[in-house]
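The first residue of the sequence shown is numbered 1, and numbering continues consecutively from there. Keep in mind that what you see is a predicted model, and the values were worked out from it rather than measured.
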Amino acid sequence: MSDKSDRRDFLVRLGLGAGVVGVGLQGVASLRSLVPNVSYDPPTTVKLGPPHDFPDGLKFLPDERLFVFREGKTFHAISAVCTHLGCTVRAEALPQPETAEVDGRPVRLTHRYLCPCHGSRYRGDGQNLSGPAPRPLAWYRLTVAPDDGQLVVDLADEVDRDFRLTVA
């Protein structure tokens, strides 16, 4: 009888072990299915176009939700995403350009920004003035692509409000 019971115990343990391993592997496969194999996030570095496509003043790029300013050969980029809940702010031209001090330097401002969702207001350099917006609009780094000379923005690289790119 001892041989039969040893064999039976062995087969029961083998069956239980196989069952535990099977359930464990199924659990791992179920958890793995929650992690996507592909990232659907948009790229953070985007080519905007050649510098000569940008007029002096402001150009809004709706796909990037970005304002690009040009003064001669100097460019800078400001986010159009409200810092409150992510609505797209709209730019409004000032009747008269203003001069504001940004980081100790005078800056000429030609626009202000208004959020249509909850009424946040921003100065022309992106500084939040009123409303529920908790912080200023982001400024992004601009560079020139070495291969084709297009302006490139890195939407993951915020810069100080005094950043400017001068194109030769």
Side-chain angles (χ1 to χ4, degrees), residues 28 30-168:
V28 168
S30 295
L31 290 175
R32 175 63 183 97
S33 71
L34 299 175
V35 179
N37 291 332
V38 183
S39 172
Y40 294 104
D41 295 333
T44 60
T45 303
V46 180
K47 286 188 175 182
L48 304 176
H52 60 77
D53 282 357
F54 292 84
D56 267 352
L58 167 91
K59 182 174 182 178
F60 176 61
L61 304 172
D63 291 343
E64 289 77 24
R65 295 173 65 188
L66 188 71
F67 296 108
V68 176
F69 285 86
R70 177 181 184 178
E71 273 187 70
K73 295 182 178 212
T74 304
F75 295 84
H76 66 275
I78 301 177
S79 172
V81 178
C82 181
T83 59
H84 176 230
L85 291 178
C87 295
T88 302
V89 299
R90 58 184 166 84
E92 183 178 276
L94 296 172
Q96 294 285 333
E98 298 175 356
T99 301
E101 193 168 306
V102 176
D103 298 328
R105 291 182 22 202
V107 174
R108 183 173 173 263
L109 305 176
T110 58
H111 291 79
R112 65 179 168 198
Y113 308 102
L114 308 168
C115 180
C117 297
H118 300 104
S120 291
R121 296 169 42 102
Y122 299 89
R123 196 169 63 185
D125 66 336
Q127 182 62 44
N128 51 325
L129 296 173
S130 65
R135 62 189 174 281
L137 296 173
W139 282 51
Y140 297 117
R141 181 173 310 282
L142 287 173
T143 56
V144 175
D147 57 344
D148 57 6
Q150 291 191 51
L151 285 179
V152 177
V153 65
D154 187 348
L155 299 171
D157 188 6
E158 289 189 28
V159 295
D160 293 332
R161 292 182 296 149
D162 62 351
F163 174 85
R164 302 289 189 278
L165 170 69
T166 303
V167 178

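Screening Arg112, Arg161, His111 for a side-chain hydrogen bond (donor to acceptor under 3.5 Å, both in side chains) with Asp125, the sole residue that qualifies is Arg161.
Under a 3.5 Å cut-off, the side chain of Asp157 and the backbone N or O of Arg141 do not form any donor-acceptor pair.
Taking all atoms of both residues into account, the shortest heavy-atom contact from Gln127 to Pro136 is OE1-CG, 3.6 Å. Residue Ser79 comes nearest to Leu137 through the heavy atom pair O-CD1, 3.6 Å, listed as atom of the first residue, atom of the second, then distance. Taking every heavy atom of both residues into account, Val81 and Gly86 meet most closely at CG1-CA, 3.7 Å. Minimum heavy-atom separation, Asp160 to Trp139: O-CE3, 4.0 Å. Shortest non-hydrogen contact noted between Ala133 and His84 is CA-CB, 4.0 Å.
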Stepwise side-chain contact (heavy atoms from CB on, under 4.5 Å) test for Tyr113 and Ser120: CA-CA 8 Å; Tyr113 308 102; Ser120 291; over 6 Å; no
Intermediate values then yes/no, disulfide (SG to SG under 2.5 Å), Cys82 and Cys115: CA-CA 7 Å; Cys82 181; Cys115 180; 3.7 Å; no
Asp63/Val46 under side-chain contact (heavy atoms from CB on, under 4.5 Å): CA gap, chis, key distance, verdict: CA-CA 10 Å; Asp63 291 343; Val46 180; over 6 Å; no
Residue pair Thr88, Arg65: steps toward the side-chain hydrogen bond (donor to acceptor under 3.5 Å, both in side chains) verdict: CA-CA 7 Å; Thr88 302; Arg65 295 173 65 188; 3.0 Å; yes
Ile78 and Tyr122: CA distance, side-chain angles, deciding distance, side-chain contact (heavy atoms from CB on, under 4.5 Å) verdict: CA-CA 11 Å; Ile78 301 177; Tyr122 299 89; over 6 Å; no
From CA spacing to verdict: side-chain contact (heavy atoms from CB on, under 4.5 Å), Asp154, Thr143: CA-CA 8 Å; Asp154 187 348; Thr143 56; over 6 Å; no
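The number of heavy-atom neighbours closer than 6.0 Å to NZ of Lys47, taken from other residues, nucleotides and ligands shown, is above 12. The environment of CD in Glu92 is crowded: more than 12 heavy-atom neighbours from other residues, nucleotides or ligands sit within 6.0 Å.
Taking 4.5 Å as the limit, some side-chain heavy atom of Tyr140 sits within range of a side-chain heavy atom of Glu158. Side-chain contact check for Val152 versus Thr45: some heavy-atom pair is nearer than 4.5 Å. Looking at Val167 and Val144, their side chains come closer than 4.5 Å, going by heavy atoms from C-beta outward. Contact check for Thr83 versus Asn128: no side-chain heavy atoms found under the 4.5 Å cut-off. At least one side-chain heavy atom of Leu142 sits under 4.5 Å from a side-chain heavy atom of Val153.
The structure places CG of Leu114 at 5.0 Å from CZ of Arg90, a figure rounded to the nearest 0.5 Å. Here the CD atom belonging to Glu71 is positioned 10.0 Å from the OG1 atom belonging to Thr166, to the nearest 0.5 angstrom. Atom CG of residue Leu151 and atom CG of residue Asp53 lie 9.0 Å apart, to the nearest 0.5 angstrom.
Note on ring orientation: taking the six-membered ring where Trp is involved, the planes of Phe67 and Phe60 are tilted (angle from 30° to 60°).
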